[in-house]
Amino acid sequence: MSDASLLSVSDLTIEVATRNGVSTAVEGLSFELKRGEVLGIVGESGSGKSITMLALMGLLSADSAALTAGRIRLEGVDLYSEGITRYRRAVRGGALAMIFQEPMTSLNPVLTIGAQIGSAIRQHQPQLSAGEVSARVAGLLALVGVPDPERRCRQYPHEYSGGMRQRAMIAMAMANEPKVLIADEPTTALDVTVQAQIMEVLAEARARTGASMLLVTHDLGLIAENADRVLVMYGGRVVEQGSVTEIFETPRHPYTIGLLRSLPAIDREQTSLYAIPGQPPALTERPQGCVFHPRCEMSQGRSPCSQERPPMRAFSSDHASACHYAQEARRWADDLASRLAETAS
Amino acid sequence: MTLRAQPAAQPAPPLLAVENLVTTFRVRRAAWRSDELRAVNDVSFEIQRGRTLGLVGESGCGKSTLGRTILALTPAASGKVRFEGVDLLALSGARRRDYSRRIQVVFQDPNASLDPRFTAHDVIAEPLRIHDAYDHGRVEELMRGVGLSPSVQDLKPAQFSGGQRQRIAIARALALSPDMLILDEAVSALDVSIQAQVINLLKELQARQTLSYLFISHNLGVVRHIADDVAVMYLGRIVEIGPTHRVFSQPRHPYTRSLLSAVPAADPRRKASRDRIVLQGDPPNPLNPPEGCAFRTRCYRARPECRSASPPLAAAPFDAGHRVACLFPHEDQSR
């Protein structure tokens, strides 16, 4: 582990109970978050991205999901080594804080916004007096751009608009100056003009506190604009990782290539959209070999794809792809691009 | 776009012409008082046969209510909805029903719009049964038409994936061979790779059956891809309308321009070069819209004159066929 690494996740495996027995939601997941950076985690529903974030926060529900292997280290300290109690006391909401997608369901409707942010502060800084806490709350609301914070902190969540609620969530997450901010689809429920405001608020709050961020989203545009590095998840595994330019300009995994080609662009006239055939595997029906092989048009039924798990292969110091034929991926991507241009004309 | 067919010398009458449509709701504020909310405010547009109009705007702008009013699921306060020249709002009973089969709808959430107790077959057969046109073979043909194997017709909606459920909803909408589909956020709940499958299916069906679409969506990328023309709504009104490539490449209304600039592009290189307009504040309360231009409270070009009256949709400068409701539209030709 390098010195710059703040959060390090290695070989994480998460199992969940389903109606048909135990299934593996996430398998052998490893990544590092460096100090000050934004790591984007992109994947479609069921790829395992959200449950991984819950595991990082110590929020896996004990009767249905379990972390069965792997380590999560924050500044070299194994977070799960002292059990879940330590997690609750010291880590969650302190060094690691999370912003959820739907602020209406994550805020308590019967407590004022000020009381909720205040309790997050008191949880980790019990020595503060009531006056100090309310001054901090107002300061946090001002930081995230809530106008008239002294009055607004006495209001309830229903008196806030969607964008204002998400600002309040960010204020709560920043309450104890976390080292790592986990933002799980932070703007998915918001309109695009409000999304632009919220992403600005997040960037400002991070700049003030120096927090690193895990940005989890299905929106490749948000990743392109905000992330420094990217993990692409599919079927509970990382299939590709690299710097944001490498992932968007020279992707080396057929899933990443297909995903980028299936996205309608806003800023240019477009060729046909590539539709990745089939659908993502259900949790209980993850295929053998490469998880993506049943939908992969580059594989063409070659046997290693259906039999062996592809290892991560590095293409540069910070770009790796889990594909048996990753060296062919650029040529396949070019063929795909010209095929799509032909069908369009 | 240069590749598109040239317009015929004699323009065909539009399939659908919406004229000055107004939809209001009464919102109860207290026992003695209720306010009128104008969800759709003086909206007019046309859709030609075989063409797609994209309708974009943020939540609460009235785009879904507009779709529902055209379908007569929500009553109109005033205005006309002409289908092949006939005002649907003036019809009732059997004549209304004859027309209703020609405009069908697909909603966003197939979990909510498909009866969970029905099989896929029954879902698709229901409109046929209602119109006394049930035919087993027709249901299977419809399933094949949307890329579903008839072998799964006895499964219930819950046994299908989101994308497959949306295919079932489309097959049902096509059952009575409509001329027009209103697609209300029809691909918004789907993952990107599945969304592309459904978009390609919709384009294929349109080419095969000369369908017209009113494609309502908040996703501007999807609209740019699928629509021939696009209308932008803000607080119940259309603020800009025109050919898709004109509106996207040269937006005239400050709202359209800020909306487009707010969408993050999946291209890390653009991040440095772009000039994003971040609007201040939230959209105003539709119960109490600002006087004059509804957008002026968030507009970066607003001047005192904007307070006086709501600007009408007028031809954009240097740009016939592209209309904008703004006193001070962007006039640059730099893009």
Side-chain angles (χ1 to χ4, degrees), chain A residues 42-47 145 147 161-164 187 189-197 199-200 218-228 230 243-249 255 258-270 272-280 282 295 344-345, chain B residues 1 3 56-61 147 160-164 187 189-201 203 218-226 234 244-245 248-249 255 258-272 274 276-283 285 298:
Chain A
V42 65
E44 298 181 280
S45 10
S47 62
S161 68
M164 283 297 152
T187 56
L190 304 175
D191 279 320
V192 58
T193 58
V194 180
Q195 166 173 289
Q197 296 171 356
M199 292 314 292
E200 258 188 12
H218 68 284
D219 184 335
L220 290 156
L222 268 189
I223 295 270
E225 291 210 337
N226 297 284
D228 302 307
V230 184
S243 73
V244 69
T245 23
E246 281 168 305
I247 293 293
F248 280 85
E249 287 176 11
Y255 174 65
L259 199 61
L260 288 167
R261 284 281 164 198
S262 67
L263 193 69
I266 178 127
D267 53 342
R268 61 190 133 88
E269 295 292 330
Q270 180 124 22
S272 301
L273 293 185
Y274 175 58
I276 302 176
Q279 49 201 312
R295 302 179 73 193
S345 56
Chain B
M1 207 177 315
L3 289 176
V56 303
E58 298 182 282
S59 34
C61 73
F160 290 93
S161 69
Q164 289 171 322
V187 301
L190 306 175
D191 275 322
V192 177
S193 70
I194 306 301
Q195 174 179 288
Q197 295 175 359
V198 176
I199 292 171
N200 287 353
L201 171 68
K203 293 192 92 166
H218 71 284
N219 187 327
L220 294 151
V222 171
V223 168
R224 176 161 203 178
H225 187 74
I226 204 166
Y234 189 77
T244 303
H245 66 287
F248 277 78
S249 64
Y255 176 63
S258 56
L259 194 63
L260 289 173
S261 86
V263 180
D267 178 0
R269 279 173 199 266
R270 261 191 91 212
K271 176 167 64 173
R274 70 182 314 170
R276 167 163 289 163
I277 306 159
V278 176
L279 291 180
Q280 299 306 306
D282 294 315
N285 183 349
R298 300 172 81 198

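The figures here come from the full heavy-atom set of this structure, side chains too, leaving out hydrogens, waters and symmetry mates. Residue numbers start from 1 in every chain, and the chains themselves are labelled A, B, ... in the order their sequence lines are given, proteins ahead of strands.
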Is A/Glu44 close to chain B through its backbone or its side chain, or both, or neither, when contacts mean heavy atoms under 4.5 Å? both

Atom pair CG/CG of B/Leu279 and B/Leu259 - distance to nearest 0.5 Å: 8.5 Å

Heavy-atom proximity to chain A below 4.5 Å, by part of B/Val192: both

Could you verify whether a donor N or O on one side chain and an acceptor N or O on the other, from B/Ser258 and B/Arg298, lie under 3.5 Å apart? no

Quick check for you: to the nearest 0.5 Å, what is the distance between B/Ile199 atom CD1 and B/Asn219 atom CG? 7.5 Å

B/Leu220 portion near chain A, given a 4.5 angstrom heavy-atom threshold: both

Gap separating the CZ atom of A/Arg261 from the OG atom of A/Ser272, nearest 0.5 angstrom: 11.0 Å

Residue A/Pro147 versus chain B: region with a heavy atom under 4.5 Å: neither

Heavy atoms only, distances under 4.5 angstrom: which of A/His218, A/Met164, A/Met199, A/Glu249 has the most pairs with chain B? Name it, please. A/Glu249

For A/Tyr274, is it the side chain, the backbone, both or neither that has a heavy atom under 4.5 Å from a heavy atom of chain B? backbone

Gap separating the OG1 atom of B/Thr244 from the NE2 atom of B/His225, nearest 0.5 angstrom: 11.5 Å

